[in-house]
Amino acid sequence: MKRSHFLKNTFLSLGATLVLAACGGTEEATTPSSDAAAGPWVVGTEPAFPPFESQNDSGELIGFDIDLMKAIGEQAGIEIEFESLPFDGLIPALQAGTIEAAISGMTITEERAATVDFSRPYFRAGLAIAVAQDDSETTSLETLEGKRIAVQIGTTGAEQAATIKDAKVSTFDSAPLALQELANGNADAVINDAPATLDAISTGNIPGVKVIGELLTEEFYGIAMPKDSSNREILNAALEEMIANGTYDTIYEKWFGTAPVGTLPETAF
Ligand code: ARG
C-alpha cells in the first residue's frame, strides 16, 4: 500500500469512527419529534462508488452519501440501517417495498421518476469519458463511434453509451470493474460519473487513465423512495435544514476537500 493510500485510509476510517461515535452520543440525547417516523429506515446502496459509498478495510460503509444519510437520520430522529444491493436492484427493491430509501449517487431522471419518488437534488454531477492516458484520438462522444466502451449496468453512463453508433458496450456490476477494464486495455473508454472517475484516478486505483474534455451531461443526485412515500417530506425537510445550517457543507468538504461550487436547484427538471 502506498503511503498516501495508507494515510488516506487511516484518515477515512478515523473519520468514520468519529462519525459513528458522534451518532451514538446524540442518539440518547435526541428525542425524535412526535410527528417524525422513528424508523428504522432500511436504506439501500451499491457500495462500490467512492467517494459516495464504499467499504473501508473493516467492511464499514463510508462516503459522502453515507455521512449525508446518517446526518439526515439524526436531523429527523430516524434510525438508519444500510443494506448493500446491486445498483440495478435498488429501484426494484423500492418498488417491492423491501427498502425505505436508496442513496447511491443516483441521478434523478424522468424515466426513474416515473417509478420511484426522489428527494430534492443533493449533489451536482455529470458524466465524463475516461480513456487511456496516451489516447489522443478520443476527444468527444462522436469519436467513440465503433469503440469498446465499458460501463456500470443500469446507470446513466450505460444509457449514454447505448446511443453511440456501432459501439461495443460491455456492462459491469460496478464502476471500478468497468474502469479496470479500461486500465487493462480491454476497453477503449468508460462513461461514468465524473466525480467517481476522478476519485479513482486521484487515489491511484486506475493507473494510466485520464478524463477527456467537458462533461457530457449535468445530472443531479437524489435519494430515491417508493412512489408516494410519506417519508419524502421528512427527508426533504432534513436536507433543507442541513443545507441551511452548514452540515451539508461540512460533509461535502470532508469528502471533496473544497466547498461546494454554486447552489443546488430545488428540482432536477
Ligand atoms: N449517477 C449514475 C446513475 O444514477 C451512476 C450511479 C452509480 N452509483 C453507484 N453506487 N454505483 O445512473
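One is the number of the first residue; the rest follow in order along the sequence.
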* Write out all pairs satisfying salt bridge (charged side-chain N to carboxylate O under 4.0 Å, His left out) with one or both partners inside residues 159-174, taking only residues at least two apart or from two chains. => none

* Asked: Just one of F220, W255, Y221, Y248 clears the ring pair (Phe, Tyr, Trp, His ring centres under 6.0 Å) bar with F123, so which one?
  -> Y221

Out of curiosity, [X] [atom1] to [Y] [atom2], how far, rounded to the nearest 0.5 Å?
{"X": "L182", "Y": "I191", "atom1": "CG", "atom2": "CD1", "answer": "11.5 Å"}
{"X": "I72", "Y": "I223", "atom1": "CD1", "atom2": "CD1", "answer": "3.5 Å"}
{"X": "S54", "Y": "D65", "atom1": "OG", "atom2": "CG", "answer": "10.5 Å"}
{"X": "I212", "Y": "E137", "atom1": "CD1", "atom2": "CD", "answer": "11.5 Å"}
{"X": "E46", "Y": "L85", "atom1": "CD", "atom2": "CG", "answer": "9.5 Å"}
{"X": "N205", "Y": "T197", "atom1": "CG", "atom2": "OG1", "answer": "12.0 Å"}

Please find the pair of heavy atoms, one from [X] and one from [Y], that lie closest to each other, and give the distance.
{"X": "G73", "Y": "I80", "value": "CA-CG1, 3.8 Å"}
{"X": "V211", "Y": "A128", "value": "CG1-CB, 3.9 Å"}
{"X": "M225", "Y": "S229", "value": "CB-CB, 3.8 Å"}
{"X": "V131", "Y": "I129", "value": "CG1-CG2, 4.0 Å"}
{"X": "A268", "Y": "P121", "value": "N-CG, 3.7 Å"}
{"X": "A71", "Y": "I251", "value": "CB-CD1, 3.9 Å"}

Heavy-atom side-chain contact between [X] and [Y] under 4.5 Å:
{"X": "P176", "Y": "L179", "answer": "no"}
{"X": "T155", "Y": "N192", "answer": "no"}
{"X": "T115", "Y": "K227", "answer": "no"}
{"X": "L141", "Y": "Q160", "answer": "yes"}
{"X": "R148", "Y": "S170", "answer": "no"}
{"X": "I103", "Y": "Y122", "answer": "yes"}
{"X": "D188", "Y": "D135", "answer": "no"}
{"X": "E53", "Y": "M69", "answer": "no"}

* To do: Tell me yes or no: between the side chains of S140 and E142, is some donor less than 3.5 Å from an acceptor?
  => yes

* Worked check of side chain to side chain contact (heavy atoms under 4.5 Å, CB included) between T107 and R112 -> CA-CA 9 Å; T107 303; R112 289 173 181 160; 3.8 Å; yes

* List the steps and the verdict of side chain to side chain contact (heavy atoms under 4.5 Å, CB included) for M242 and L68. => CA-CA 9 Å; M242 286 161 45; L68 190 72; 3.6 Å; yes

Would you kindly confirm whether [X] and [Y] end up in one hydrophobic cluster when ILVMFWY residues are joined by side chain heavy atoms under 4.5 Å apart?
{"X": "L215", "Y": "V261", "value": "no"}
{"X": "I164", "Y": "F172", "value": "no"}
{"X": "V151", "Y": "I153", "value": "no"}
{"X": "L177", "Y": "F49", "value": "no"}
{"X": "F82", "Y": "L235", "value": "yes"}

* To do: Evaluate the side chain to side chain contact (heavy atoms under 4.5 Å, CB included) criterion for residues V190 and E181: first the C-alpha distance (whole Å), next the side-chain angles of each, then the deciding distance (0.1 Å), finally the verdict.
  => CA-CA 9 Å; V190 165; E181 191 77 348; 6.0 Å; no

* **Of D67, T45, V43, the residue whose pairing with L61 passes side-chain contact (heavy atoms from CB on, under 4.5 Å)** => T45

* Yes or no on side chain to side chain contact (heavy atoms under 4.5 Å, CB included) for T217 and T156, after CA distance, side-chain angles and deciding distance? -> CA-CA 10 Å; T217 53; T156 48; over 6 Å; no

* Asked: How would you list, by chain and number, every residue that makes a side chain to side chain contact (heavy atoms under 4.5 Å, CB included) with R120, sequence neighbours excluded?
  -> N236, L239, E240, I243, L264, E266

Only pairs under 3.5 Å count here: list side-chain donor-acceptor contacts from residues 91-102, not counting sequence neighbours, and write none if there are none.
unit_1	atom_1	unit_2	atom_2	d
T98	OG1	A93	O	3.2
E100	OE1	V42	N	2.8

* **Check: D193 side chain, P195 main-chain N or O, donor-acceptor pair, under 3.5 Å** => no

